[in-house]
Amino acid sequence: MPRVARLHAILWGVFSMGGFIAAFLLPVLIYLVGIAYPLGLWPMANTDPTSAILNHHHLGTLFLFVTVAGSLYHGIFRFQSTLTELGLARAKRALEAIGYLIIIVGILAVAYYLLRLNPSVLSLP
Amino acid sequence: MSKQKPYPEYRRKLGPGWWLSNSHFTQYMIREWTSFFVAVFSLIYIYELSLFATGQKGSALALMKNPGIITFNIVALAFTLYHAFTWFYLIGKVQPIKMGKTKSKPWQALMLNIVLLVILSYTVIWILVLRSG
């Protein structure tokens, strides 16, 4: 398989994985962080969800990284593709470049901030 | 070696509103737009994590309680669930499971995956929130 085709297949594979993550894990994160906490709904009566999740150190950190990074990849990858279908086909290359830039910077930022919040994750065996 | 095509390639030109001409296309485009909410929620949450990580927890919590952000999150949850349900249905359509002489139907994959989604969501809440309370 040519190298470009292989890279293309890998990128679409990661995209598909991100679709599963966005479908199975993102709804509960949006509910906890964006709706239950600010509106005082079950189960977030008194504590903020990000602190509660990060209290579980490695598991919570892993959940946040996988959910946010996977959803970001899936969302940006598909959104730039949607824009090309809405009349921006001529700007396809530029949209792809901007999309991948946001994905790379976003995933590095999630990793960096989660490491700052839970540095002990690096000491895992 | 140049790759010259033996015949002219015909590409139908579509205007920006092509997806309004047919209800299936409209549903497809609504599904594609769910990605916008998935991406924007992820970016907002990364910003909140940056506030947490730089000692500005108060600002992060205030941002979460912003009425505009809450409204966006409610819409984002609805679109994310729409993405999830249509994804589950498509799985059943693309990869039906053979059981003897019969094949599973897409709605069966949809129902099974909705049950899985509920179980998984409750497990996340139980492990990461309720057990720490």
Side-chain angles (χ1 to χ4, degrees), chain A residues 18-20 22-35 37-39 42-56 59-60 63-64 67-82 85-89 102 106 109-110 112-117, chain B residues 14-19 28-29 32-54 57 60-61 64-67 69-70 72-74 76-77 80-81 83-88 113 116-117 120-133:
Chain A
F20 269 99
F24 279 107
L25 297 178
L26 189 63
V28 70
L29 183 65
I30 295 178
Y31 174 72
L32 289 174
V33 170
I35 298 170
Y37 169 69
L39 298 179
W42 179 89
M44 306 312 308
N46 300 313
T47 179
D48 80 272
T50 303
S51 299
I53 292 169
L54 288 171
N55 273 343
H56 285 269
L59 194 59
F63 167 75
L64 287 182
T67 307
V68 178
S71 300
L72 180 74
Y73 186 101
H74 180 82
I76 297 283
F77 193 96
R78 216 173 72 197
F79 185 60
Q80 53 98 356
S81 154
T82 304
E85 292 176 339
L86 288 172
L88 294 175
I102 296 172
V110 179
Y112 173 72
Y113 292 128
L114 286 175
L115 278 174
R116 277 192 67 165
L117 289 163
Chain B
L14 297 171
W18 61 269
W19 52 280
Y28 164 78
M29 195 46 78
E32 291 306 284
W33 269 90
T34 61
S35 62
F36 171 78
F37 294 94
V38 169
V40 173
F41 175 81
S42 304
L43 291 171
I44 292 172
Y45 192 62
I46 292 170
Y47 178 62
E48 284 179 1
L49 280 178
S50 78
L51 294 174
F52 267 93
T54 52
K57 188 177 171 182
L61 297 181
M64 284 182 197
K65 290 188 173 178
N66 180 301
I69 297 287
I70 297 171
F72 172 82
N73 287 333
I74 292 170
L77 180 63
T80 307
L81 288 174
H83 157 78
F85 294 165
T86 50
W87 184 274
F88 298 155
N113 281 296
L116 276 176
L117 173 65
L120 197 62
S121 299
Y122 185 77
T123 306
V124 168
I125 290 173
W126 183 68
I127 293 175
L128 297 179
V129 178
L130 295 177
R131 278 205 325 176
S132 69

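Throughout, a chain's letter reflects where its sequence line sits, starting with A, and its residues are numbered from 1.
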(request) Could you give me the CA-CA distance, side-chain angles and deciding distance for V68(A) and L29(A), then say whether side-chain contact (heavy atoms from CB on, under 4.5 Å) is met? (result) CA-CA 9 Å; V68(A) 178; L29(A) 183 65; 4.0 Å; yes
(request) Report the relative orientation of the aromatic rings in Y73(A) and F77(A); use parallel for angles under 30°, tilted for 30 to 60°, perpendicular for over 60°. (result) parallel
(request) Under 4.5 Å heavy-atom distance to chain A, tell me which part of F88(B) shows up: side chain, backbone, both or neither. (result) side chain
(request) Side chain from CB out, backbone as N, CA, C, O: work out which of these in F20(A) comes under 4.5 Å of a heavy atom of chain B, or both, or neither. (result) both
(message) Below 30° counts as parallel, above 60° as perpendicular, anything between as tilted: where do the rings of Y45(B) and F41(B) land?
(response) parallel
(request) Flag the one option from L25(A), L26(A), L114(A) with the top tally of heavy-atom pairs under 4.5 Å to chain B. (result) L26(A)
(message) So does E85(A) get a backbone contact from the side chain of W18(B), meaning a donor-acceptor N/O pair under 3.5 Å?
(response) yes
(request) Let me know if L120(B) has heavy atoms under 4.5 Å from chain A in its side chain, its backbone, both or neither. (result) side chain
(message) If I measure from the heavy atoms of chain B, does F63(A) come under 4.5 Å with its side chain, its backbone, both, or neither?
(response) side chain
(request) Tell me, out of H83(B), M29(B), K57(B), who's got the most heavy-atom pairs with chain A below 4.5 Å. (result) H83(B)
(request) Examine whether an atom of L32(A) lies under 4.5 Å from a heavy atom of chain B, and if so say whether it belongs to the side chain, the backbone or both; otherwise answer neither. (result) side chain
(request) Assess whether side-chain contact (heavy atoms from CB on, under 4.5 Å) is satisfied between Y113(A) and Y47(B), documenting all intermediate values. (result) CA-CA 10 Å; Y113(A) 292 128; Y47(B) 178 62; over 6 Å; no
(request) Heavy atoms only, distances under 4.5 angstrom: which of L88(A), D48(A), T47(A), L115(A) has the most pairs with chain B? Name it, please. (result) D48(A)
(request) Walk me through it: do V33(A) and E48(B) pass the test side-chain contact (heavy atoms from CB on, under 4.5 Å)? (result) CA-CA 10 Å; V33(A) 170; E48(B) 284 179 1; 3.7 Å; yes
(request) Please step through side-chain contact (heavy atoms from CB on, under 4.5 Å) for the pair N113(B) and F85(B), ending with a clear verdict. (result) CA-CA 8 Å; N113(B) 281 296; F85(B) 294 165; over 6 Å; no
(message) Heavy-atom pairs under 4.5 Å with chain A - which of I44(B), L81(B), V38(B) has more of them than the others?
(response) V38(B)
(request) Tell me, for Y122(B) versus chain A, whether the close heavy atoms (under 4.5 Å) come from the side chain, the backbone, both or neither. (result) side chain
(message) Looking only at the side chains, is there a donor atom on one of R78(A) and T34(B) sitting less than 3.5 Å from an acceptor on the other?
(response) yes
(request) State the CG-CG distance between N66(B) and L61(B), to the nearest 0.5 angstrom. (result) 13.0 Å
(request) Select, from T54(B), I74(B), I70(B), L116(B), the one with the greatest count of heavy-atom pairs under 4.5 Å involving chain A. (result) I70(B)
(request) Could you tell me which of L59(A), L64(A), L54(A), I35(A) has the largest number of non-hydrogen atom pairs under 4.5 Å with chain B? (result) I35(A)
(message) For the interface with chain A, which of V40(B), I125(B), L43(B), I69(B) has the highest count of heavy-atom pairs at distances below 4.5 Å?
(response) I125(B)
